[in-house]
Amino acid sequence: MPQAELVQAWREAADSAGLTEEKRRQLVTEAQGRLTAQAAQEDPNVFGRELLADQAVAQGAAMLGERNSVFATTALHEAAGRFAPGTVSQAEIAEAITRAETAGGLERRTYLDYRGASFEGMTTAANIANERTLLRLEEDGRHKAAPILSPLEAGKTVAQAEQRSTLKGHAWNEEQRAATVQILSGANQIVGLQGYAGTAKTSTVLVTVAKSAEAQGYRVTALAPTASAAQVLGDALDSGPIPWRGICWHQDAQPPSLSSGLLMRRRLSPQRTWRSC
């Protein structure tokens, strides 16, 4: 049974037993209150512990926010605990999260895992600010780049790339075909490509776009969020390892994993025309 259905069944069973969501939250709050009272009695330096908890939450949120725009609240508890092992309790971390929300550093969101199950989640003020900047840049870059190929040429290029992949035992799907054609024939400076890990974004779409762009006089710079992703992209492009570089994402789309990316500039072009995807 899918996890989303299991979670729903568990919640319905709890509700039917009288343990409603409101009651569950009340029990958690009461337990956290007891732990907080106990911690205050054991350590009179409450302010110092609050500061440690605040720092741990900030560090945990920053770490999680590097890979996902929205992350599970439970993941934040775990990450903050790793930054303050044995020094603050989970109740103190929960209070620090509440303080960060009040101060505007964190905002609640719904977190969806790769199975589609929903959980309480968080995003950071920094992620929101970055997203607004990215959306503005994407909007400003619409219809400002010359297409790499015409729609007809792009279709032919995709057909040839698909034929080569088929000979190696890897078939393309319609979404991969459509995405590659749109990127090659589009006129936007910034193009977003989203897909789950292992869906061949790199070996199909990005590789075909990169090689086609290079053939048309573009200088292609490859970007990747992690060393392993850099290695995969480098191997696919026959360019060797690629230096790590951050990748941007959209917080509402919540991609379960970050893809690689390409930055393309026209060689010897006085207009500095560029594209990224």
Side-chain angles (χ1 to χ4, degrees), residues 65 67-70 109 123 125-162 165 172-197 199-225 229-230 233 236-237 239 242-243 245-277:
R67 293 300 306 271
N68 293 284
S69 57
V70 176
R109 292 289 189 273
T123 189
N127 281 355
I128 294 173
N130 288 338
E131 177 179 296
R132 288 172 177 164
T133 299
L134 291 171
L135 293 176
R136 177 179 55 79
L137 291 173
E138 187 277 330
E139 184 176 9
D140 291 345
R142 294 177 186 176
H143 311 295
K144 291 185 179 179
I148 297 173
L149 297 174
S150 69
L152 180 60
E153 292 171 329
K156 291 180 179 179
T157 297
V158 169
Q160 293 169 354
E162 183 177 4
S165 295
W172 285 41
N173 60 39
E174 186 55 38
E175 290 182 341
Q176 292 165 341
R177 298 187 194 98
T180 308
V181 169
Q182 288 177 17
I183 294 174
L184 289 173
S185 60
N188 294 346
Q189 288 183 328
I190 298 176
V191 182
L193 176 65
Q194 179 180 321
Y196 286 100
T199 54
K201 298 181 298 295
T202 299
S203 60
T204 56
V205 181
L206 292 184
V207 167
T208 303
V209 170
K211 292 184 176 179
S212 299
E214 287 180 330
Q216 295 299 315
Y218 284 82
R219 184 181 66 215
V220 179
T221 301
L223 312 176
L233 185 56
L237 297 177
S239 61
I242 298 169
R245 190 68 178 271
I247 299 295
C248 306
W249 60 92
H250 189 292
Q251 80 174 24
D252 292 330
Q254 288 190 68
S257 64
L258 296 179
S259 176
S260 302
L262 304 174
L263 176 66
M264 295 172 283
R265 295 176 182 267
R266 284 284 193 185
R267 296 182 186 274
L268 305 178
S269 171
Q271 297 180 346
R272 298 198 310 165
T273 300
W274 61 275
R275 298 167 58 85
S276 69
C277 64

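We number each residue from 1, following the sequence as shown.
Residues passing the side-chain contact (heavy atoms from CB on, under 4.5 Å) test with Thr157, sequence neighbours excluded: Leu149, Leu184, Thr208, Ser212. With sequence neighbours excluded, no residue satisfies salt bridge (charged side-chain N to carboxylate O under 4.0 Å, His left out) with Arg132. Residues meeting the salt bridge (charged side-chain N to carboxylate O under 4.0 Å, His left out) test with Glu174, sequence neighbours left out: Arg177. Scanning for side-chain contact (heavy atoms from CB on, under 4.5 Å) contacts around Glu175 gives Asn173, with sequence neighbours left out.
Taking all atoms of both residues into account, the shortest heavy-atom contact from Tyr218 to Ala146 is OH-O, 3.4 Å. For the residue pair Ser185 and Pro147, the shortest heavy atom distance occurs at O-CB, 3.6 Å.
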Evaluate the side chain to side chain contact (heavy atoms under 4.5 Å, CB included) criterion for residues Leu206 and Leu193: first the C-alpha distance (whole Å), next the side-chain angles of each, then the deciding distance (0.1 Å), finally the verdict.
CA-CA 9 Å; Leu206 292 184; Leu193 176 65; 4.0 Å; yes
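Side-chain atoms of Ile190 and Leu137, non-hydrogen and from C-beta on, do get closer than 4.5 Å to each other. With a 4.5 Å cut-off on side-chain heavy atoms, Leu134 and Glu138 do not count as touching. Between Lys144 and Asn188 the shortest side-chain heavy-atom distance does not fall below 4.5 Å.
With Asn130 contributing its side chain and Ala126 its backbone, the two residues share a donor-acceptor pair below 3.5 Å. Checked by atom type and distance alone, the side chain of Thr123 pairs as donor or acceptor with a backbone atom of Ser69 at under 3.5 Å.
For residues 148-160, there are no salt bridge (charged side-chain N to carboxylate O under 4.0 Å, His left out) pairs, not counting sequence neighbours.
In this structure, CD in Gln176 is found 8.5 Å from CD in Glu162, a value given to the nearest 0.5 Å.
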